[in-house]
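Start at 1 with the first residue, then count along the sequence.
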Amino acid sequence: MMVGTDSARGGSSVMDQRALARVASTGLWALLLLLSAVGPASADPRAYPPPAALSLPQSADICRTDLLKTARASTWVRLEHRDRTYSKIVSELTIRVTGTWPLARDLLLGEDSDRYIRAMSCLTRREPGQQRHWREHRSGTPKVTSTADGSVRVVDRTYSWVDIHGDDIHVGIWRIRAGAELWTIRLSLPAALAGARWDEIMVDPGGRGAEAARPLPDSGRGATALIWRPAALKESTRKAPEGKARVPDSGGATTSGGTKASSPPSVTVSLRPSWQRSWAAQTHRNTVVSLDRAGTLAPTVVTAILLVYVCVLYRKRPAVPGPVRARTLRNLSVWAMALVVLNVLNVINGLLGQYDVAELTQHAEILFSSVVALMAAGVLLVVAGPPRRILVAAAALAVPPVVVAVGTDPFGLRIPSHGTYEASVTAQTALSIASACLMALIALGLTAAAWRLASDGGLLPPSRKFPGNNRILRLRVAGPIILVWTIVVAVFFGLVQERNWQRAVWLSDRTHPAFGMAHRNEFVWETMRALSHGQTWLLSSTWLLSAVAILSVLRTWHSPSAVSPFEDRVDRLLLLVFFAHVVTTFSGYYLGSSVLSVLWQPVLLLSLYWTVHPFIRRSVLDQPLERSGRPLADFLDSASRNRLLKKSRAYRETHAVLRRLDQGMFGDVPPKRGDLERKLRKLHNWPTPAGPDRLPSRMSVVDGALALGPRDDWWANGSRCAMLALAPSVPASLLMTWAWTVKGEAWQSTLLYPFGVPGILTNFTYWMATWLGAAFVMGVLWRHLPGRRGAAKAIPVTAAFTLLSAVDALMYQFTDEGAANLPLEVSAMLFVLTVTAIAMDFDTFRGERRYWQSRLGLLLSIYQMRYYSLQVAYLIAQVIAMIAIWEFFTEPDVVLNFDKLK
């Protein structure tokens with residue numbers, strides 16, 4: 001969100017002050033109108049009384065249970081453990097009710113009808129009333145069909161995930177509870193269906209099968225499924241001779257011979273899951289959460305220590321740094337410390353919500369969350385050191401959350417210790433505006449900090465209106481953009497929470513006053529949680545600011561005479577940190593926890609070194625000259641590029657003449673081959689301070705020109721390479737954004753997470769930064785990378801990325817989690833870098849573009865390729881593409897990240 005216009009440095013203008021007033025007033029009124037009208041979802045026992053207290057007073061037989069004895073029902077539940085972080089639970093309930101049941105025709109009405117809700121709740125809930133199943137999901141409403149005999153058939157399919165420990169997970173008429181060692185699956189029949197005819201009850205625990213079952217099953221199916229048939233048991237009981245009837249183990253359905261069987265058995269199945277699924281289900285326990293937060297913080301501390309160490313090494317250089325270099329080093333060291341502080345605040349924020357410190361009341365949680373968010377914004381503003389107008393805007397945004405946090409009573413945000421709490425419209429509006437202002441404040445801090453880091457490092461283009469001056473962050477431009485962004489995020493937040501609320505209460509009685517009260521209370525509670533969740537979501541993008549700070553130092557401290565950053569140990573270390581921090585997608589997040597992420601930091605730092613440094617001797621510029629035996633790179637200066645480009649053109653033209661001569665395409669006086677060959681030999685002459693020398697015999701002058709790249713030093717090559725990567729990065733980013741946020745079960749995660757829909761944009765930004773960062777690394781290492789053509793130079797950087805993906809895949813194999821997107825990531829990386837490398841080769845000879853009818857003709861001339869070679873390469877590319885697409889679409893879906901879900 002770095003926005004700016006051309007302007008000279010100076011104080012705030014009258015226009016900025018008016019813009020600040022307009023932005024502030026417009027923002028408050030827009031948020032007041034938009035946010036007070038939305039109401040989201042989640043449940044917390046402190047926000048309002050439990051569901052039982054809100055239930056309607058029901059009559060003794062509102063569901064007409066006596067007329068459901070002729071209904072026929074069956075149900076099954078299945079656990080899916082493989083290729084996912086959390087075990088998935090899928091259940092289905094099939095009911096066939098006769099037309100004699102008074103509520104049968106109500107099932108044919110719309111799902112919003114009160115009569116439909118009452119009838120469906122009789123069949124799928126223990127009793128009608130106010131019930132909220134937050135973890136129950138369904139891809140659609142139950143399928144209802146009417147038959148010719150007047151019966152109505154209902155098929156209700158639901159699913160969920162075992163992602164919480166010690167609580168019941170409601171999935172249809174089943175309850176699953178994950179213990180420390182054993183999981184329990186329990187059938188919880190609706191009271192109205194207790195007397196129905198149950199044809200089949202099936203439990204498939206998957207994995208290793210069931211540890212125990214009560215009562216014992218009647219039969220099995222497949223490797224792990226257990227089946228009970230209560231209806232068949234009743235029939236056999238009626239037909240059995242006196243005293244010969246079967247007696248069940250427990251909760252049975254038979255008595256002595258010939259007597260009527262009782263209700264269906266209370267089926268309970270215990271299973272012992274694999275250690276991977278068991279650990280993942282316990283990631284919400286306090287101890288595991290603490291370890292996860294520590295695992296998240298540790299890599300940040302390691303990165304900060306490395307950045308500070310780099311600053312110390314730069315300061316030890318003998319040359320006195322100029323003001324620009326001093327500023328970038330100061331910014332990097334300050335940002336390293338700020339990065340740790342921001343992550344500590346995030347950890348405190350997460351632990352506050354997890355431990356529910358000292359059973360905090362609602363107003364106390366608002367206060368603590370606001371304080372943490374304000375501290376985070378303050379840290380960002382310290383890094384930014386913004387002008388007065390930005391500080392005034394930040395102070396204006398901080399006023400609403402401070403007022404709401406300090407004075408909760410006037411806004412009706414304090415829950416009384418006795419009695420029932422009902423959130424007012426004032427409470428909803430006040431908390432909505434406070435949360436939105438905090439989001440905007442942190443966004444402004446991030447923007448200002450990023451602008452400062454980029455501006456001091458010369459990463460922003462200079463002002464066109466005022467040459468010689470840097471661009472400055474203009475509030476009249478950045479303010480409205482942040483305002484619009486905040487409103488969009490807030491609206492999507494409200495819509496997602498409202499969707500979650502409707503999903504959880506879809507069978508609750510909407511006519512009771514308690515329903516509306518609970519809805520308003522829920523909105524207040526979720527908006528309060530947005531104070532902390534929004535901060536965590538926003539601060540997850542701090543790695544982008546780290547990238548800006550690192551690039552600023554590399555730009556200002558690089559040596560124009562160096563072949564690549566690998567020549568200097570400080571530049572090399574900083575580049576390795578950049579690659580590990582920006583380019584790699586390796587997170588160390590397994591089984592819902594980051595506890596082991598710090599152990600992988602050495603691999604992240606050394607992966608690029610391992611795939612590039614051993615092969616530097618094979619690079620073109622490192623080849624020895626024929627006479628002196630010294631590398632060609634030792635005799636390159638600012639004029640070397642132009643000399644090699646002229647020689648390369650003569651070399652290609654001479655070879656073209658030789659090809660025409662071989663094909664007999666000349667007239668009566670063809671050129672002499674000897675003269676042409678002598679001309680080619682002369683092109684290999686190369687001047688050195690010690691006297692004339694010759695280029696290495698294993699390379700041509702075209703190879704030398706391509707090895708230098710299109711620019712004069714490694715920083716310029718890296719910048720140009722990143723610019724050329726913009727075009728191929730867009731489709732690659734769209735593909736990966738679809739794979740991680742839309743494809744398969746990932747779309748459920750996107751819609752469940754309050755910031756999931758805006759997160760699609762941040763995910764796209766993440767992948768764009770990944771590809772552009774990789775292209776920058778390839779560009780700065782261009783002269784040290786092996787290979788004579790750009791496509792070959794893309795391989796070492798891709799290999800470093802692939803190495804980390806292979807480690808990731810091995811870990812996912814060990815933890816039995818899905819790794820479907822890893823091959824796609826590697827393929828996309830190779831695609832982006834290959835296309836960019838070819839563009840770099842073309843850009844090297846951009847001065848000859850005017851002499852060719854098309855870019856393809858110039859490219860073929862550079863590569864000296866014939867049509868047969870193009871056809872073969874094209875066929876190979878098709879085969880590789882087909883294999884990659886086949887492997888991708890046959891992989892299982894991606895795994896949800898339930899850390900962000902309710």
Side-chain angles (χ1 to χ4, degrees), residues 50-77 91-98 100-107 114-133 136 138 142 144 151-158 168-177 184-201 203 214-215 228 230-231 233-234 248 250-255 260-269 504-512 514-515:
L54 301 179
S55 297
L56 281 171
Q58 302 292 338
S59 61
D61 197 12
I62 189 176
C63 294
R64 301 299 302 273
T65 306
D66 55 326
L67 297 178
L68 281 174
K69 293 181 179 179
T70 57
R72 305 191 64 167
S74 61
T75 183
W76 56 261
V77 64
S91 77
E92 183 176 287
L93 172 66
T94 303
I95 310 168
R96 185 185 182 95
V97 297
T98 62
T100 58
W101 187 46
L103 280 66
R105 294 294 177 264
D106 296 344
L107 295 170
D114 293 335
R115 298 172 68 90
Y116 172 90
I117 291 174
R118 182 181 63 175
M120 189 61 69
S121 61
C122 286
L123 300 180
T124 60
R125 295 289 187 261
R126 291 192 62 83
E127 61 180 15
Q130 304 296 317
Q131 299 190 44
R132 305 181 189 93
H133 292 184
E136 183 180 83
R138 47 175 45 83
V144 180
S151 300
V152 177
R153 186 172 182 266
V154 178
V155 178
D156 182 25
R157 189 160 188 171
T158 56
D168 282 343
I169 301 172
H170 296 247
V171 187
I173 63 173
W174 297 90
R175 306 290 179 267
I176 292 86
R177 178 183 288 263
T184 303
I185 306 173
R186 187 174 67 255
L187 179 63
S188 180
L189 290 176
L193 295 179
R197 176 187 175 92
W198 287 85
D199 295 327
E200 184 177 282
I201 299 172
V203 177
R214 298 181 59 191
W228 292 261
L233 182 60
K234 287 184 180 181
S250 61
T254 62
T255 56
K260 184 178 180 179
S262 63
S263 61
S266 178
V267 174
T268 302
V269 175
V505 301
W506 76 292
L507 288 182
S508 293
D509 186 1
R510 289 167 168 77
T511 62
H512 196 276
F515 181 86

Looking at T158 and G172, would you say the former's side chain and the latter's main chain have a donor-acceptor pair under 3.5 Å? yes

Is the backbone of P215 close enough, under 3.5 Å, to the side chain of W228 for a donor and an acceptor to pair up by distance? yes

For the atom pair [atom1] ([X]) and [atom2] ([Y]), what is the distance rounded to the nearest 0.5 Å?
X    : Y    : atom1 : atom2 : answer
R138 : T124 : CZ    : OG1   : 6.5 Å
L507 : E136 : CG    : CD    : 8.0 Å
T268 : R177 : OG1   : CZ    : 12.0 Å
R214 : T184 : CZ    : OG1   : 11.0 Å
L107 : R115 : CG    : CZ    : 11.0 Å
D199 : T94  : CG    : OG1   : 10.0 Å

In chain order, what residues pass the side-chain contact (heavy atoms from CB on, under 4.5 Å) check against R105, with sequence neighbours excluded? L108, V152

Who are the side-chain contact (heavy atoms from CB on, under 4.5 Å) partners of L103, not counting sequence neighbours? W101, D106, R118, A119, C122

With P142, which of I95, V154, L93 fulfils side chain to side chain contact (heavy atoms under 4.5 Å, CB included)? V154

With the side chain counted from C-beta on, respond yes when S91 and I173 share a heavy-atom pair under 4.5 Å apart, and no when they do not. no

Considering non-hydrogen atoms only, spot the tightest contact between [X] and [Y] and give its length.
X    : Y    : result
V269 : V267 : CG2-CG1, 4.1 Å
I201 : P230 : CD1-CG, 4.0 Å
T65  : A192 : CG2-O, 3.5 Å
A104 : V97  : CB-CG2, 4.2 Å

What residues, two or more places apart in sequence or in another chain, satisfy side chain to side chain donor-acceptor pair (under 3.5 Å) together with S151? D149

Exceeds 12 heavy-atom contacts within 6.0 angstrom, atom CZ of R153: no

Please step through side chain to side chain contact (heavy atoms under 4.5 Å, CB included) for the pair M120 and D156, ending with a clear verdict. CA-CA 10 Å; M120 189 61 69; D156 182 25; 5.7 Å; no

Applying side chain to side chain contact (heavy atoms under 4.5 Å, CB included) to I185 and V77, what does each step give before you reach the verdict? CA-CA 9 Å; I185 306 173; V77 64; 4.0 Å; yes

Pair D168 + R175, salt bridge at N-O below 4.0 Å: no

Do W174 and T75 have a side chain donor and acceptor closer than 3.5 Å? yes

